[in-house]
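Accompanying notes for the structure given below.
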Amino acid sequence: MTDHTTVQPKVALDNVYKAYGDNVVLDDVSLHVAEGEVVAIIGPSGAGKSTFLRCTNLLEQPDSGVIRIGTHTIDSSQKHTSRELEELRRTAGMVFQSFNLFPHLTALENVSLAQRRALGRSKSEADERSRALIDRVGLSDKYDSHPARLSGGQQQRVAIARALAMDPEVMLFDEPTSALDPEVGLEVLAVMQELAEEGMTMMVVTHEMEFARSVGDRLVVMADGGIIEEGEPNRALDP
């Protein structure tokens, strides 16, 4: 495992606070993630894990706190342009529990669409990049398949390819295998392990303890809107 304690963080979340009315979901939570580090986040339902992840790429706007990914910083106490928000959001690829693929588009089209709209790539450029990524997640025979013709695991791998197509600096995974049968989930976890081995910075909300133990550099335990423990996975998971 790499010693990340002295490394400039790739992701810095400082004093992130989020409430819905009187319900405090995140209570001044801070977390720094080094470049190339894999942080597994676990905790009971309602702990604030998914909200924390969604605040990282501003799918949820925190009420207060500072978020930095790479060179992009958003201070929730200040006004920011939609372009500034979008630039930070683009640095973080997100993979959800549900696959969120467009049902009327093929796998290739699903991966290419955002590249053309958000990055301005031509159709040929986007399709070339999409084929390479679909190959990378082991689905080179599925370019022209619509989501309905793909298994859940295959759909999730297309969703990973789609997130990677935006060339993110960090990948965020929110329980990516929770909707899958265990055997199918292993296919997705294998792709994630390859990404980790290639040096991708990752934050993973998961219930997969073996993945956290074998792939994670650090385990973060959340409860009641805060981080209650963190450390090297084997140490944190052992009784």
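Residue numbers run from 1 in the order of the sequence given.
Judged by distance alone, the side chain of N110 and the main-chain N or O of F102 form a donor-acceptor pair under 3.5 Å. Between the side chain of T206 and the backbone N or O of E208, at least one donor-acceptor pair lies under 3.5 Å. Not one N or O on the side chain of T91 forms a donor-acceptor pair closer than 3.5 Å with the backbone of E169. Formation of a donor-acceptor pair under 3.5 Å by the D63 side chain with backbone atoms of A19 is found in this model. Between the side chain of D217 and the backbone N or O of V38 there is at least one donor-acceptor pair closer than 3.5 Å. Formation of a donor-acceptor pair under 3.5 Å by the T201 side chain with backbone atoms of G36 is found in this model.
Qualifying side chain to side chain donor-acceptor pair (under 3.5 Å) partners for S50, counting only residues two or more places apart in sequence or in other chains: D174. Not counting sequence neighbours, the partners of E198 by the side chain to side chain donor-acceptor pair (under 3.5 Å) test are R136. Annotation: side-chain contact (heavy atoms from CB on, under 4.5 Å) contacts of E86 (sequence neighbours excluded): R89, R90. Under the salt bridge (charged side-chain N to carboxylate O under 4.0 Å, His left out) criterion, E87 pairs with R83, sequence neighbours left out. Under the side-chain contact (heavy atoms from CB on, under 4.5 Å) criterion, A92 pairs with N57, I69, V170, L172, not counting sequence neighbours. With sequence neighbours excluded, the residues satisfying salt bridge (charged side-chain N to carboxylate O under 4.0 Å, His left out) with D127 are K123. S130 is linked by a side chain to side chain donor-acceptor pair (under 3.5 Å) to S112, Q115, counting only residues two or more places apart in sequence or in another chain.
Minimum heavy-atom separation, S178 to Q97: OG-OE1, 3.4 Å. Annotation for L219 and A212: closest pair CD1-CB, 3.9 Å, computed over non-hydrogen atoms. Taking both residues in full, the closest heavy atoms of P168 and G93 are given as CB-N, 3.3 Å, listed atom of the first, atom of the second, then distance. The two residues V95 and A159 come nearest to each other via the heavy atoms CG2-O, 4.2 Å. The two residues H80 and Q78 come nearest to each other via the heavy atoms CD2-O, 3.4 Å.
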Which is it for V24 and K18 under the side chain to side chain contact (heavy atoms under 4.5 Å, CB included) test, yes or no, and what are the steps along the way? CA-CA 6 Å; V24 177; K18 179 70 177 177; over 6 Å; no
Pair L119-M166, side chain to side chain contact (heavy atoms under 4.5 Å, CB included): steps then yes or no: CA-CA 8 Å; L119 302 182; M166 302 300 288; 3.9 Å; yes
Between L85 and Q61, is a side chain to side chain contact (heavy atoms under 4.5 Å, CB included) present by the stated rule, with each step listed? CA-CA 10 Å; L85 298 175; Q61 296 283 342; 4.0 Å; yes
Could you go step by step and tell me if T73 and V66 meet the side chain to side chain contact (heavy atoms under 4.5 Å, CB included) rule? CA-CA 7 Å; T73 301; V66 179; 3.8 Å; yes
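Tracing side-chain contacts under 4.5 Å through hydrophobic residues (I, L, V, M, F, W, Y), one reaches V215 starting from M171; they form part of the same cluster. One hydrophobic cluster, built from ILVMFWY side chains closer than 4.5 Å, holds both L164 and F99. Linking Ile, Leu, Val, Met, Phe, Trp and Tyr residues whenever their side-chain heavy atoms come within less than 4.5 Å leaves I41 and L195 in two separate clusters. Taken together through direct or relayed side-chain contacts under 4.5 Å among Ile, Leu, Val, Met, Phe, Trp and Tyr, M94 and V188 form parts of separate hydrophobic clusters. When hydrophobic clusters are built by joining Ile, Leu, Val, Met, Phe, Trp and Tyr residues whose side-chain heavy atoms come closer than 4.5 Å, directly or via intermediates, V205 is not grouped with L180.
Screening residues 40-60 for salt bridge (Lys or Arg N to Asp or Glu O under 4.0 Å) gives R54-E60 as the qualifying pairs, with residues at least two apart or on separate chains. Judged as a salt bridge (Lys or Arg N to Asp or Glu O under 4.0 Å), not a single pair has a partner in residues 66-82 (not counting sequence neighbours). Note on residues 93-122: pairs passing salt bridge (Lys or Arg N to Asp or Glu O under 4.0 Å), not counting sequence neighbours, are R121-D167. The stretch residues 185-195 participates, sequence neighbours left out, in these salt bridge (Lys or Arg N to Asp or Glu O under 4.0 Å) pairs: R157-E187.
You'll find the side chain of L31 reaches within 4.5 Å of the side chain of V220, heavy atoms only. Looking only at side-chain heavy atoms (C-beta outward), M192 and P176 come within less than 4.5 Å of each other. Residues T56 and M203 have side chains in contact (heavy-atom distance under 4.5 Å, counting atoms from C-beta outward). The side-chain heavy atoms of H32 and D14, taken from C-beta on, include a pair separated by under 4.5 Å. Side-chain contact between I67 and L88 is present, with at least one heavy-atom pair separated by less than 4.5 Å. Counting only heavy atoms from C-beta outward, the side chains of L26 and Y17 never approach each other to under 4.5 Å. Between V16 and P62, some side-chain heavy-atom pair lies under the 4.5 Å cut-off. At a threshold of 4.5 Å between non-hydrogen side-chain atoms, the residues F173 and L53 do not count as touching.
One finds the CD atom of Q156 at 10.5 Å from the OG atom of S151 (value rounded to the nearest 0.5 Å). Distance check: S214 OG to Q193 CD gives 5.5 Å after rounding to the nearest 0.5 Å. Between atom CD of residue E175 and atom OG of residue S98 there is a gap of 12.0 Å, rounded to the nearest 0.5 Å. Taking CG of L59 as the start and OG1 of T51 as the end, the distance is 11.0 Å to the nearest 0.5 Å. For the atom pair CD (E128) and CG (L133), the distance works out to 11.0 Å, reported to the nearest 0.5 Å. Taken to the nearest 0.5 Å, the CD1 atom of I227 stands 7.5 Å off from the OG atom of S30.
Around CD of E183, the count of heavy atoms belonging to other residues, nucleotides or ligands within 6.0 Å does not exceed 12. Atom CG of D28 has more than 12 neighbouring heavy atoms from other residues, nucleotides or ligands inside a 6.0 Å radius.
We find that K10 and E37 are not joined by a salt bridge, their nearest charged nitrogen and carboxylate oxygen being 4.0 Å or further apart.
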List the atom pairs, donor and acceptor, that lie under 3.5 Å between side-chain atoms in residues 142-150 and the rest of the protein, sequence neighbours left out.
{"unit_1": "Y143", "atom_1": "OH", "unit_2": "D135", "atom_2": "OD1", "d": "2.6"}
{"unit_1": "Y143", "atom_1": "OH", "unit_2": "D135", "atom_2": "OD2", "d": "3.3"}
{"unit_1": "H146", "atom_1": "NE2", "unit_2": "H104", "atom_2": "O", "d": "3.4"}

